[in-house]
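Values below: every heavy atom of this structure, side chains too, minus hydrogens, waters and symmetry copies.
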Amino acid sequence: MASGAVAGQALAAEPNPGLRHNRSWHRLWLAQAVSLTGDSVFDITIMLWVATVLAKDQPWAPVAASGVLIAATVPVLVVGPLAGVWVDRWDRRRIMLTADACRAVLIASLLVVPALGHRLPLAAELGTVYAVVAAESAFAQFFNPSRLAVLGLIVAPVDRPQASGMLQATSGTASIVGPPLAAPLLFALGVQWALVVDALSFVISFAAIRSLRPPPAAGQPSPRSGFRAEFRAGVRFFVTSRVLVALSAGVVICTLGTGALNALEVFFLRDNLHNSPGWLGTLYAAIGAGAVGGALAGGWAGRRIGPARVFWIAMVLGGVLLLAYSRLTRFPAALAVGSLVGLMFGALNAAAPPLFLAAIPQPLIGRV
């Protein structure tokens, strides 16, 4: 606990150069820009691959597509809370490097499935895809809280809303650039090219993070009192924080809706909007374009009216817009409303990290 407080005091005592002259921030941003773009290509390609190639013409294709999202989500619930104990013990930079290296190897290993053609049974092909997606997500549970902790150490509190907005804008840009590439890569060149792109993105992210030099306190483990005691300390801090409980409740409610939307989007596009699945990337690109604007606007507004106000306003308006989106039957209207949905959730995502960093001490970020 003391090491995190000392680090925060040191950061506050140093002159603030702003994000423009913060080299550590530049390297962290570069790592995320590259890996998020690779992930965007990978995520859409895997969904299309499962729904339209592996499970082609099968009545259970929606269930198979949902399996990809379930495989990615289960580690968040199972691995995430436990991983936090080790994240708070270990060097956060090394955790990020290890996670990137392992994810690059995992994604590359998936090249075995298209290389073997259809010599594997369909169940084995789907099982391999789900296993790799789940393992990749498990490593992300170590990477993401480490990234948040490092962000809190290398960026001054006054700059965190802007930094968070830029990261979310980068994520939105990846959503614009990646999805339009996914369908052509899959249908014209094959799934292997999307896998190569994503694996290489983690390699580049690894190189950028390796050059990162956060303050020494970022790698200092908190005092150890046993796994169970440390885990209980994180749970106790979480459940007694009204801010964290409110934030997490909002995130859970939003994810219930957007998770269903992600699983059924390709079928909504085909059956309700009357377009081919090949247009899925374009639809996601419109949502991503809105998210870019929303993230930048959310970062700007967060410095002026506060991240908390941005968070709840964006959540309410985003829900209303999603309700309107669900009733659409024309593709152009879906592009327009989808971009507005992205605008709201881009602002919401930009507002959340500064709120978490303000509410959680550095030595507890991994667990909480």
Nearest-0.5 Å distance, CE of residue Met344 to CG of residue Leu322
11.0 Å
Hey, is the main chain of Leu106 close enough, under 3.5 Å, to the side chain of Ser109 for a donor-acceptor pair?
yes
Is the closest side-chain heavy-atom distance between Leu28 and Leu151 below 4.5 Å?
yes
Can you find a pair of side-chain heavy atoms, one from Arg330 and one from His274, that are under 4.5 Å apart?
no
Is there any salt bridge (charged side-chain N to carboxylate O under 4.0 Å, His left out) pair reaching into residues 99-117, and which pairs are they, with sequence neighbours excluded?
Asp100-Arg103, Arg103-Glu136
Do Arg27 side-chain atoms and Ile209 backbone N/O form a donor-acceptor pair below 3.5 Å?
no
Closest non-hydrogen atoms of Phe237 and Pro361, given as atom of the first, atom of the second and distance, are CZ-CD, 3.4 Å
Linked, directly or transitively: Val235 and Phe227 (ILVMFWY side chains, under 4.5 Å):
yes
Using atom types as modelled and distance alone, determine if a side-chain donor or acceptor of Tyr325 lies under 3.5 Å from a backbone N or O of Ala333.
no
Assigning hydrophobic clusters by single linkage (Ile, Leu, Val, Met, Phe, Trp, Tyr; side-chain heavy-atom cutoff under 4.5 Å), is Trp29 placed with Phe143?
yes
In the single-linkage hydrophobic clustering (I, L, V, M, F, W, Y; side-chain heavy atoms under 4.5 Å), do Val203 and Met96 co-cluster?
no
For Ala347 and Ala314, which heavy atoms make the closest approach, and how far apart are they?
CB-CB, 4.1 Å
Is a side-chain donor or acceptor of Arg93 paired with a backbone partner of Leu212 at a separation under 3.5 angstrom?
yes
So do the side chains of Val87 and Ile365 get within less than 4.5 Å of each other, counting heavy atoms only?
no
Please find the pair of heavy atoms, one from Ala208 and one from Ser211, that lie closest to each other, and give the distance.
O-OG, 2.7 Å
Can you name the nearest heavy-atom pair linking Val129 to Trp49, along with the distance?
CG2-CZ3, 3.6 Å
Would the distance check show the side chain of Gln141 and the main-chain N or O of Ser137 forming a donor-acceptor pair, the cut-off being under 3.5 Å?
yes
Would you mind reporting whether Asn272 and Phe267 have side-chain heavy atoms less than 4.5 Å apart?
no
Mark yes or no for whether Gln362, through its side chain, and Ala149, through its backbone, hold a donor-acceptor pair below 3.5 Å.
yes
If two hydrophobic side chains count as joined below 4.5 Å and joins carry through other members, does Phe139 share a cluster with Trp90?
yes
Count I, L, V, M, F, W, Y as connected when their side-chain heavy atoms are under 4.5 Å apart, and connections chain through other members. Are Leu343 and Val316 then in the same cluster?
yes
So, do Arg228 and Phe231 sit near enough that their side-chain heavy atoms are less than 4.5 Å apart?
no
Nearest atoms (heavy-atom pairs only) where Leu148 meets Leu357
O-CD2, 3.6 Å
Nearest 0.5 Å please: distance from the OH atom of Tyr130 over to the CG atom of Leu69.
9.5 Å
How many angstroms lie between CZ in Arg89 and CD1 in Ile95, if you round to the nearest 0.5 Å?
11.5 Å
Between the main-chain N or O of Val155 and the side-chain N or O of Asn22, is there a donor-acceptor pair closer than 3.5 Å?
no
Given side chains that start at C-beta, do those of Leu110 and Ile46 come closer than 4.5 Å, heavy atoms only?
yes
Would you say Ser146's side chain and Phe142's backbone share a donor-acceptor pair under 3.5 angstrom?
yes
Would you say Asp88's side chain and Gly366's backbone share a donor-acceptor pair under 3.5 angstrom?
yes
Is a side-chain donor or acceptor of Ser248 paired with a backbone partner of Val245 at a separation under 3.5 angstrom?
no
Please give me the minimum heavy-atom distance between Leu244 and Phe356, naming the atom from each residue.
CD2-CD2, 3.6 Å
Is there side-chain contact between Gln32 and Leu167, with at least one heavy-atom pair below 4.5 Å?
yes
